[in-house]
A.B. asks: 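The structure is given below, and queries will be raised subsequently.
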Number of protein chains: 2
Amino acid sequence: MDHKIDRLELPKCMDCACFNLRKAARAVTQLYDKALRPTGLRTTQFTLLVGISMLGAVRVTRLAEIGVMDRTTLTRNLKPLERRGLIQITPGNDHRTRVVTITDEGQKALEQALPLWKKVQADVVKRLSQERWNSMRADLGEVVSLVSKS
Amino acid sequence: MDHKIDRLELPKCMDCACFNLRKAARAVTQLYDKALRPTGLRTTQFTLLVGISMLGAVRVTRLAEIGVMDRTTLTRNLKPLERRGLIQITPGNDHRTRVVTITDEGQKALEQALPLWKKVQADVVKRLSQERWNSMRADLGEVVSLVSKS
DNA sequence: ACAAAATAGGTGTATATACTCCTAAGTAAT
DNA sequence: ATTACTTAGGAGTATATACACCTATTTTGT
């Protein structure tokens with residue numbers, strides 16, 4: 001019994017949107033994480049700190065929605081930040097909720113990380129060209145909204 | 001001491017290439033994983049099976065390179081496939097190497113998964129439009145090659 | 001032939017991701 | 001007021017990801 005899959009079918013799978021997006025995400029993550037390494041922050045953590053700092057005080061579920069991230073994923077991603085004292089998680093007025101805020105330590109870490117992020121971001125955008133990155137970012141947004149409506 | 005970060009600095013971070021790529025990757029992964037769920041395969045696993053099936057017999061490091069994936073990540077990603085008997089890992093002629101091959105079980109799983117993948121892929125491409133996906137895929141490839149040359 | 005260098009790969013550890021199932025607390029129906 | 005429903009969130013489990021460090025094997029320089 002030879003396989004029933006046509007030899008021409010499998011190469012098509014290299015066009016997989018999920019594979020190509022994940023691959024690109026892995027690649028840039030390595031680049032950004034390396035750039036942020038002196039701060040001890042991963043890019044995921046940096047992004048969370050930025051969001052928390054901007055929002056002031058935010059519920060867990062809301063923060064998860066913004067990142068198109070599962071709520072339970074966010075809970076786990078907050079752990080290392082809390083352990084390092086960069087954020088605080090306290091019960092909200094609605095006693096079901098938990099509110100996340102950034103600490104002074106967190107602000108300081110953010111100040112330290114910001115110039116490193118700016119450098120690697122500028123480098124990536126420059127090498128892609130600003131136009132290409134603009135259209136790419138729009139496309140990525142389209143992908144996200146497409147999935148949200150599923 | 002009020003924070004020294006200009007109020008206009010943080011919103012710029014929402015343009016982060018890493019954040020936007022990871023976010024989009026999370027979104028599509030949820031879509032594809034859901035589509036493949038009846039097979040018990042995650043999209044990552046499906047992609048690996050496709051690659052292994054196409055390449056016939058491939059060394060661990062080579063397979064990792066193709067996916068722009070850390071070698072040790074691949075090692076761990078192969079584990080669930082091996083445990084389910086979908087692939088085999090055997091020592092190569094060069095006794096340092098390990099060669100990965102797909103099993104009959106793996107071929108069968110692939111046959112089962114292929115139409116489900118085709119459906120979700122076609123759906124995504126259609127909703128994005130073929131043109132947009134084409135340009136997007138080219139952009140993603142550009143990102144990967146950009147990072148590889150760092 | 002043998003020591004040094006290079007190569008292939010795995011383990012330990014830590015983070016990232018999400019599904020299923022569970023508890024607690026608020027809200028609505030009667 | 002009490003029950004039913006809904007909402008917010010965590011815990012258990014499993015996969016995904018990669019860095020630092022380790023071992024084993026091959027290649028290379030002499």
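Keep in mind it's a predicted model, so treat the numbers as computed, not measured. Letters go in sequence order (proteins before strands), and every chain restarts at 1.
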A.B. asks: Determine whether any donor atom in the side chain of Arg76(B) lies under 3.5 Å from an acceptor atom in the base of dT13(C), or the reverse, and answer yes or no.
C.D. replies: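 Under the 3.5 Å cut-off, the side chain and the base do form a donor-acceptor pair.
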
A.B. asks: How about Trp133(A) and Asp15(B): does a side-chain donor come under 3.5 Å of a side-chain acceptor?
C.D. replies: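 Checked: Trp133(A)/Asp15(B) side chains pair up, N/O donor to acceptor below 3.5 Å.
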
A.B. asks: Check Arg71(A) with Glu65(A), please: is the shortest side-chain N to carboxylate O separation under 4.0 Å?
C.D. replies: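 No, no charged N to carboxylate O under 4.0 Å.
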
A.B. asks: Over how many whole Å does the gap from Arg84(A) atom CZ to dA14(C) atom P extend?
C.D. replies: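 These atoms are roughly 14 Å apart.
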
A.B. asks: Around atom CZ of Arg62(A), are there more than 12 heavy atoms from other residues, nucleotides or ligands closer than 6.0 Å?
C.D. replies: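 Count not over threshold, so no.
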
A.B. asks: For nucleotides 1-8 of chain C, read 5' to 3', which letter fits each nucleotide if B means a protein heavy atom sits under 4.0 Å from the base, S means only the sugar-phosphate is that close, and - means neither?
C.D. replies: ------BS

A.B. asks: Name the nucleic acid region contacted by Arg62(A), choosing base, sugar-phosphate or nothing; use a 4.0 angstrom heavy-atom cut-off, strictly under.
C.D. replies: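 The residue Arg62(A) makes no contact with any strand.
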
A.B. asks: Quick one: label Thr72(A) by what it contacts on the DNA or RNA (base, sugar-phosphate, nothing), any heavy atom closer than 4.0 Å.
C.D. replies: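 Base, at least one base heavy atom under 4.0 Å.
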
A.B. asks: Looking only at the side chain of Gln45(B) (C-beta and beyond, no hydrogens), which of the listed nucleotides dA18(C), dT15(C), dA16(D) gets closest?
C.D. replies: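 The closest nucleotide is dA16(D).
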
A.B. asks: Taking the nucleotide of DNA chain D with the closest heavy atom to each, which residue, Gln30(A) or Pro80(B), is nearer the 5' end?
C.D. replies: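 Of the two residues, Pro80(B) wins.
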
A.B. asks: How long is the line joining CG of Leu74(B) and C1' of dT15(D), in whole Å?
C.D. replies: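 Rounded to the whole Å, the gap is 14 Å.
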
A.B. asks: Would you say the side chain of Met136(A) lies within less than 4.5 Å of the side chain of Leu140(B), judging by non-hydrogen atoms?
C.D. replies: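 A side-chain contact under 4.5 Å exists here.
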
A.B. asks: Does Lys108(A) pair with Asp104(A) as a salt bridge, N-O distance under 4.0 Å?
C.D. replies: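 Between Asp104(A) and Lys108(A) there is no salt bridge, as every charged N stays at least 4.0 Å from the carboxylate O atoms.
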
A.B. asks: Identify which nucleotide among dC19(D), dC19(C), dG10(D) has an atom closest to any side-chain atom of Asp70(B), counting heavy atoms from C-beta outward.
C.D. replies: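 When the side chain of Asp70(B) is considered, dC19(D) is the closest of dC19(D), dC19(C), dG10(D).
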
A.B. asks: Do the side-chain N and O atoms of Thr90(A) and Arg98(A) include a donor-acceptor pair separated by under 3.5 angstrom?
C.D. replies: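 No donor-acceptor contact under 3.5 Å links the two side chains.
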
A.B. asks: Between Ile89(A) and Arg37(A), name the one whose nearest nucleotide on DNA chain D is closer to the 5' end.
C.D. replies: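 Result: Ile89(A).
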
A.B. asks: Rounded to whole Å, how long is the line connecting atom CZ of Arg83(A) with atom P of dA14(C)?
C.D. replies: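 About 8 Å, once rounded to whole Å.
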
